[in-house]
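For reference, the structure is listed below as structure tokens.
For ligands, and for the atoms within them, numbers begin at 1 and follow the listed sequence.
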Amino acid sequence: MQKIDNYNFTGKRAIVRVDFNVPLNESFEITDDTRIRAAIPTLKKVLDKGGSLIIMSHLGRPKGPEDKFSLKHIIPAIEQKLGKSIKFANDCMGQEAIELSATLQPGEVLLLENLRFYAQEEGKPRGLAKDADEATKKEAKEKIKESQKEFVKQLASYADCYINDAFGTAHRAHASTALIAKYFPNDKMFGYVMEGEIEAIDKVLKTPSKPVTAIIGGAKVSSKISIIEKLFDVTDNMIIGGGMVFTFIKAQGGQIGASLCEDDQMELALSILEKAKEKGVKLYYSGDVVIADKFSNDANTQVVADNKIPDGWMGMDAAPSTVDEWEKVLRDSKTVLWNGPVGVFEMANFAKGTNRIAQILAEITDKGVFTLVGGGDSVAAVTQMGFADRVSYVSTGGGAMLEYLEGKELPGIAAIRE
Ligand code: AMP
């Protein structure tokens with residue numbers, strides 16, 4: 001497999017799939033440029049080694065060409081970070097893109113317009129009536145798959161080599177994230193973002209220093225079940241926090257008041273407890289909780305055992321005594337994975353447990369523990385607390401990271417490795 005560090009980019013045009021799907025405000029200003037900053041080392045590497053760049057990405061979920069989803073809005077940010085002016089093709093297909101890419105000189109950069117202006121990028125038909133019959137749907141699907149081949153072929157024709165650095169879309173088998181790779185059998189590679197993500201997750205899944213502890217929080221058991229089960233294979237301890245705890249507590253006969261609960265997942269919760277026992281994983285899911293009399297930051301609060309919550313009250317955060325227990329486990333660990341907040345951290349009064357986890361992770365990282373934070377809300381928490389630079393790795397790819405942790409083969413990764 002080719003590696004970006006070993007590849008000879010001299011005189012080559014590299015087409016790079018990045019994730020520049022950044023949030024924009026109403027004036028089309030970028031409100032968080034993390035994803036652009038993350039891709040810069042890969043882009044600079046190609047330029048520094050004598051190559052030229054064709055950058056491609058999606059932005060938002062357009063249904064076709066739409067000005068508000070144009071990548072032209074982010075040209076100034078890219079130029080500022082690369083320290084040079086860049087060219088822009090107003091359409092990722094068509095004559096302009098062909099000519100601009102063909103005449104690209106070493107050191108030059110071309111940005112292609114939003115790939116998702118074409119349905120072929122995702123390979124899914126658009127504009128089908130909701131009540132379309134099966135035959136119509138099938139025909140539309142076949143048609144788009146057929147035209148997708150031309151789309152991929154043209155994208156590939158712009159370049160001599162392909163780099164995938166968009167971890168956030170690695171779990172999608174799209175034209176630019178997976179299908180294009182086959183045109184570059186000996187000239188395809190991961191960018192640094194992808195390399196970093198894969199290495200960090202493999203450090204937990206494949207070659208962890210023991211003991212390994214996972215902290216799984218968030219709202220719903222149903223959305224975390226596959227990761228929990230997969231992680232039983234590699235973890236020694238699992239701390240379960242957040243709203244999903246109450247499904248476990250209720251399943252065991254506890255009183256959870258008005259706390260979040262998925263009644264249809266209670267059986268599953270019990271089977272998880274059983275499985276943990278079988279696999280020898282120590283589970284920490286119960287303790288004192290901070291409860292509130294309404295779902296609001298200015299609610300009245302008290303601390304009670306999580307199986308004795310009065311009617312009308314709801315569990316909102318892990319109590320300090322519970323986090324004290326977890327802290328001991330975390331300080332004895334060598335590898336820690338954190339996904340999901342352990343309370344309603346969007347409300348300051350119920351963010352204390354989550355914030356303490358962020359703080360503890362920062363401290364143990366200083367002592368040599370490998371700490372990986374992934375999944376939208378725990379990343380937000382660790383960033384909000386100013387600890388993003390103090391943990392070992394913060395994963396940028398929410399859905400992709402979860403699928404990788406679940407043990408699924410991601411199309412964007414497989415396409416490079418094949
Ligand atoms: P997830 O996307 O599954 O990681 O869930 C994150 C969400 O879980 C956040 O919006 C939190 O506010 C929410 N959450 C965490 N703890 C609780 C709780 N005890 N009750 C209700 N929601 C919670």
Exercise. Against heavy atoms of Asp377, which atoms of ligand 1 measure under 4.0 Å?
Worked result: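 Going through ligand 1 atom by atom, the ones under 4.0 Å from Asp377 are 2 (O), 5 (O), 6 (C), 7 (C), 9 (C), 10 (O).
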Exercise. Which of the numbered atoms in ligand 1 are below 4.0 angstrom from a heavy atom of Gly315?
Worked result: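 Matching atoms, with element in brackets: 18 (C), 19 (N), 20 (N).
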Problem set entry | Closest approach of Leu110 to Ser101 (non-hydrogen atoms, all atoms of both residues) | CD2-N, 3.8 Å
For this session: Compare every heavy atom of Ala175 with every heavy atom of Gln120, then report the nearest pair and how far apart it is.
Result: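 It is O-CB, 3.9 Å.
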Would you say [X] and ligand 1 have an N/O pair spaced under 3.5 Å apart?
X: Leu260; answer: no
X: Lys220; answer: no
X: Phe295; answer: no
X: Glu346; answer: yes
X: Val342; answer: no

Exercise. Judged by non-hydrogen atoms, does Met314 sit under 4.0 Å from ligand 1?
Worked result: no
Among all protein heavy atoms, pick the one closest to [atom] and tell me residue, atom and distance.
atom: atom 5 (O) of ligand 1; value: Ala219 N, 3.1 Å
atom: atom 4 (O) of ligand 1; value: Lys224 NZ, 3.0 Å
atom: atom 17 (C) of ligand 1; value: Gly243 N, 3.2 Å

Crowding at [atom1], [X] (>12 non-hydrogen neighbours, <6.0 Å):
X: Lys137; atom1: NZ; result: yes
X: Lys45; atom1: NZ; result: yes
X: Asp264; atom1: CG; result: yes

Exercise. Going through the distances and angles, do Ile249 and Tyr285 end up as a side chain to side chain contact (heavy atoms under 4.5 Å, CB included)?
Worked result: CA-CA 9 Å; Ile249 304 292; Tyr285 64 97; 4.2 Å; yes
Exercise. So which of Gly343, Gly241, Ala351, Pro341 gets nearest to atom 14 (N) of ligand 1, if we judge by its closest heavy atom?
Worked result: Gly343
Problem set entry | Shortest heavy-atom approach to atom 23 (C) of ligand 1 - which of Val344, Asp306, Val221 |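 Shortest heavy-atom distance from atom 23 (C) of ligand 1: Val344.
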Problem set entry | Pairwise side-chain contact, Phe69 with His58, heavy-atom cut-off 4.5 Å (strictly under) |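 Phe69 does not reach His58 side chain to side chain.
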For this session: Name all residues meeting the side-chain hydrogen bond (donor to acceptor under 3.5 Å, both in side chains) criterion together with Lys49; count only those two or more places apart in sequence or in a different chain, and write none if there are none.
Result: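 Testing Lys49 for side-chain hydrogen bond (donor to acceptor under 3.5 Å, both in side chains), a comparison that skips the adjacent residues, returns none.
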Problem set entry | Set of residues satisfying side-chain hydrogen bond (donor to acceptor under 3.5 Å, both in side chains) with respect to Ser296, sequence neighbours excluded |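 Only Asp298 meet the side-chain hydrogen bond (donor to acceptor under 3.5 Å, both in side chains) criterion with Ser296.
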